[in-house]
S.K.: 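There's a structure below that I have some questions on.
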Amino acid sequence: MIARSWLYVPGDRPDRMAKALAGEADAVVLDLEDAVAPAAKAEARQHVLATLADHAAYVRINAPGSDAGEADLRALAASTGALAGVRVPKSEDPGELRRVADQLGVPVFPILESALGVENAFALATAHPLVGGISLGEADLAADLRVAGGPALDWPRSRVVVAARAAGLPSPVQSVWTAVRDLGGLRADTVAGRRAGFFGRSVIHPAQIPVVHEVCEPDEEELAWARSVAGHDQAAWIDHNGQFVDKAVLERARWLLSIADQYVKEGPQS
């Protein structure tokens with residue numbers, strides 16, 4: 001399944017974890033890192049292990065090499081719970097990422113949050129067969145680059161999109177939109193992200209999920225175009241709008257239809 005929404009939930013809030021797992025998010029990420037205060041890390045770790053005993057979920061661990069991160073790795077490696085994968089923050093070193101993948105044996109998703117992480121994007125994307133995708137942590141990255149975000153992050157965004165696709169990975173998941181009440185801003189930014197090569201988004205509140213899902217799903221105009229293109233068996237042709245269609249265009253049409261097969265609830269065909 002191509003996940004549209006990745007909902008972060010604090011690992012020290014079992015009540016919220018239960019609600020999230022019963023909710024609409026395509027993927028739930030039990031967060032042991034930024035959402036948990038240092039004094040609550042050990043307690044959060046136990047709550048996450050207990051949740052994984054009954055439900056499949058992803059976990060964002062603390063940075064490998066840190067005390068909390070190493071404790072996370074030991075606990076998850078010893079667990080028999082349904083760990084779907086781990087998001088690995090502060091990823092910079094492909095060797096460190098390989099160590100995490102080997103230790104846990106589940107898909108790993110490095111988060112690039114520094115200038116060095118962006119520079120090593122392709123090396124991280126190809127560090128291990130268990131790398132399931134790469135993404136940016138834009139707040140930390142902006143701080144490391146000493147920029148205010150926005151257009152200043154256009155190049156790192158393009159870099160991670162290219163690195164992911166060059167490595168044969170899914171399109172990157174877009175970073176969190178932190179203005180929780182600004183759903184209009186979320187929509188516009190997610191549309192821009194999809195056009196820039198991202199697919200899906202990390203979210204921090206359930207209210208953000210329907211907006212992200214709507215933007216990620218192909219609309220009827222896109223689907224009509226994709227069906228018309230995918231129905232041809234020619235190597236290349238000019239469509240009814242006068243646009244040249246070749247193998248690359250056909251692949252995009254098939255990708256849109258694969259998303260629709262999973263998520264779009266279509267009405268009766270006329």
Side-chain angles (χ1 to χ4, degrees), residues 1-3 6-9 11 17 21 26-36 38 41-42 44-137 140-141 144 156 159-173 175 200 202:
M1 183 180 74
I2 306 172
W6 297 72
L7 177 61
Y8 279 104
V9 192
M17 289 192 285
L21 288 162
D26 291 337
V28 174
V29 184
L30 312 180
D31 192 8
L32 292 171
E33 196 213 10
D34 285 348
V36 179
K41 298 284 188 185
R45 196 173 298 117
Q46 293 307 311
H47 286 310
V48 166
L49 293 175
T51 299
L52 292 174
D54 298 315
H55 302 278
Y58 295 83
V59 174
R60 178 166 69 173
I61 62 173
N62 289 278
S66 68
D67 290 344
E70 294 305 306
D72 294 340
L73 290 173
R74 289 191 298 271
L76 291 172
S79 170
T80 58
L83 180 61
V86 291
R87 281 194 149 186
V88 186
K90 312 295 189 292
S91 289
E92 297 178 339
D93 180 0
E96 187 81 308
L97 187 62
R98 282 192 288 273
R99 179 176 71 88
V100 172
D102 285 338
Q103 185 170 353
L104 297 181
V106 298
V108 294
F109 299 81
I111 307 173
L112 286 50
E113 302 183 88
S114 66
L116 182 57
V118 173
E119 282 296 301
N120 289 339
F122 184 70
L124 290 163
T126 56
H128 196 283
L130 283 172
V131 175
I134 60 175
S135 60
L136 293 175
D140 287 87
L141 178 59
D144 190 47
R159 177 66 178 270
V160 78
V161 168
V162 171
R165 297 304 299 134
L169 297 175
S171 299
V173 176
S175 191
S202 297

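Computed from a predicted structure; not experimentally measured. Note: hydrogens, waters and symmetry copies are ignored here, and every other heavy atom, side chains too, is used.
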S.K.: Looking at CG of D72 and CG of L32, how far apart are the two atoms once the value is rounded to the nearest 0.5 Å?
M.R.: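 Between atom CG of D72 and atom CG of L32 there are 4.5 Å.
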
S.K.: So does K90 pair up with E33, basic N to acidic O under 4.0 Å?
M.R.: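 Yes, charged N to carboxylate O under 4.0 Å.
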
S.K.: Write down the atom of S79, the atom of G81, and the distance for their closest heavy-atom approach.
M.R.: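 Scanning both residues, the minimum pair turns out to be OG-N, 2.9 Å.
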
S.K.: Any donor-acceptor pair under 3.5 Å linking the side chain of D144 with the backbone of E113?
M.R.: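 Side chain of D144 to backbone of E113: no pair is present.
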
S.K.: Among L141, L124, V160, which residue meets the side chain to side chain contact (heavy atoms under 4.5 Å, CB included) test with V118?
M.R.: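 Result for side chain to side chain contact (heavy atoms under 4.5 Å, CB included) with V118: L141.
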
S.K.: Taking side chain as C-beta onward, heavy atoms only, is L52 less than 4.5 Å from V59?
M.R.: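 Yes. Closest side-chain heavy atoms under 4.5 Å.
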
S.K.: Taking only residues two or more places apart in sequence, or in another chain, which ones meet E70 in a side-chain contact (heavy atoms from CB on, under 4.5 Å)?
M.R.: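 Expected list: P64, L73, R74, R99.
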
S.K.: With a 4.5 Å cut-off on side-chain heavy atoms, are V131 and P110 touching?
M.R.: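 Yes, side chains in contact.
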
S.K.: Can you sort out the partners of L21 under side-chain contact (heavy atoms from CB on, under 4.5 Å), two or more places apart, ordered by chain and number?
M.R.: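 Partners of L21 by the side-chain contact (heavy atoms from CB on, under 4.5 Å) criterion, ordered by chain and then number, come out as V28, T51, H55, A57.
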
S.K.: How many angstroms lie between atom CG of L30 and atom CE of M17, to the nearest 0.5 angstrom?
M.R.: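 CE of M17 is found 6.0 Å from CG of L30.
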
S.K.: Could you point out which residue of V108, D102, I134 forms a side chain to side chain contact (heavy atoms under 4.5 Å, CB included) with L97?
M.R.: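 Result: among V108, D102, I134, V108 is the only option passing the side chain to side chain contact (heavy atoms under 4.5 Å, CB included) with L97.
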
S.K.: Of all the heavy-atom pairs spanning G11 and H47, show the shortest one and how long it is.
M.R.: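 Where G11 meets H47 most closely, the heavy atoms are O-CB, 3.3 Å.
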
S.K.: Can you tell me how far the CG atom of L130 sits from the CG atom of L104, to the nearest 0.5 Å?
M.R.: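 One finds 9.5 Å between CG of L130 and CG of L104.
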
S.K.: Using a 4.5 Å cut-off on heavy atoms from C-beta on, say whether the side chain of Y8 contacts that of S202.
M.R.: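 Yes, their side chains come closer than 4.5 Å.
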
S.K.: For the CG atom of N120 and the CG atom of D93, what is their distance to the nearest 0.5 Å?
M.R.: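 Output value for this atom pair is 8.0 Å.
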
S.K.: Would you mind reporting whether D140 and S114 have side-chain heavy atoms less than 4.5 Å apart?
M.R.: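 Sidechains of D140 and S114: no contact.
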
S.K.: Excluding sequence neighbours, so at least two apart, what forms side-chain contact (heavy atoms from CB on, under 4.5 Å) with S171?
M.R.: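 Residues passing side-chain contact (heavy atoms from CB on, under 4.5 Å) with S171: R165, F199.
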
S.K.: How close do G132 and P170 get, counting heavy atoms only, and between which atoms?
M.R.: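 Heavy atoms only, the tightest pair is O-CD, 3.4 Å.
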
S.K.: Side-chain contact, heavy-atom cut-off 4.5 Å: R60 with I111?
M.R.: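 The answer is yes; the side chains approach within 4.5 Å.
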
S.K.: Is there side-chain contact between R45 and V36, with at least one heavy-atom pair below 4.5 Å?
M.R.: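 A side-chain contact under 4.5 Å is absent here.
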
S.K.: Could you tell me whether the side chain of D26 reaches within less than 4.5 Å of the side chain of L7, counting heavy atoms only?
M.R.: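 A side-chain contact is absent here, since even the closest heavy-atom pair is not under 4.5 Å.
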
S.K.: Roughly how far, to the nearest 0.5 Å, is CG of L49 from CG of L83?
M.R.: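 Nearest 0.5 Å value for the CG-CG distance: 9.5 Å.
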
S.K.: Would the distance check show the side chain of R159 and the main-chain N or O of E119 forming a donor-acceptor pair, the cut-off being under 3.5 Å?
M.R.: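 Yes: the side chain of R159 pairs with the backbone of E119.
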
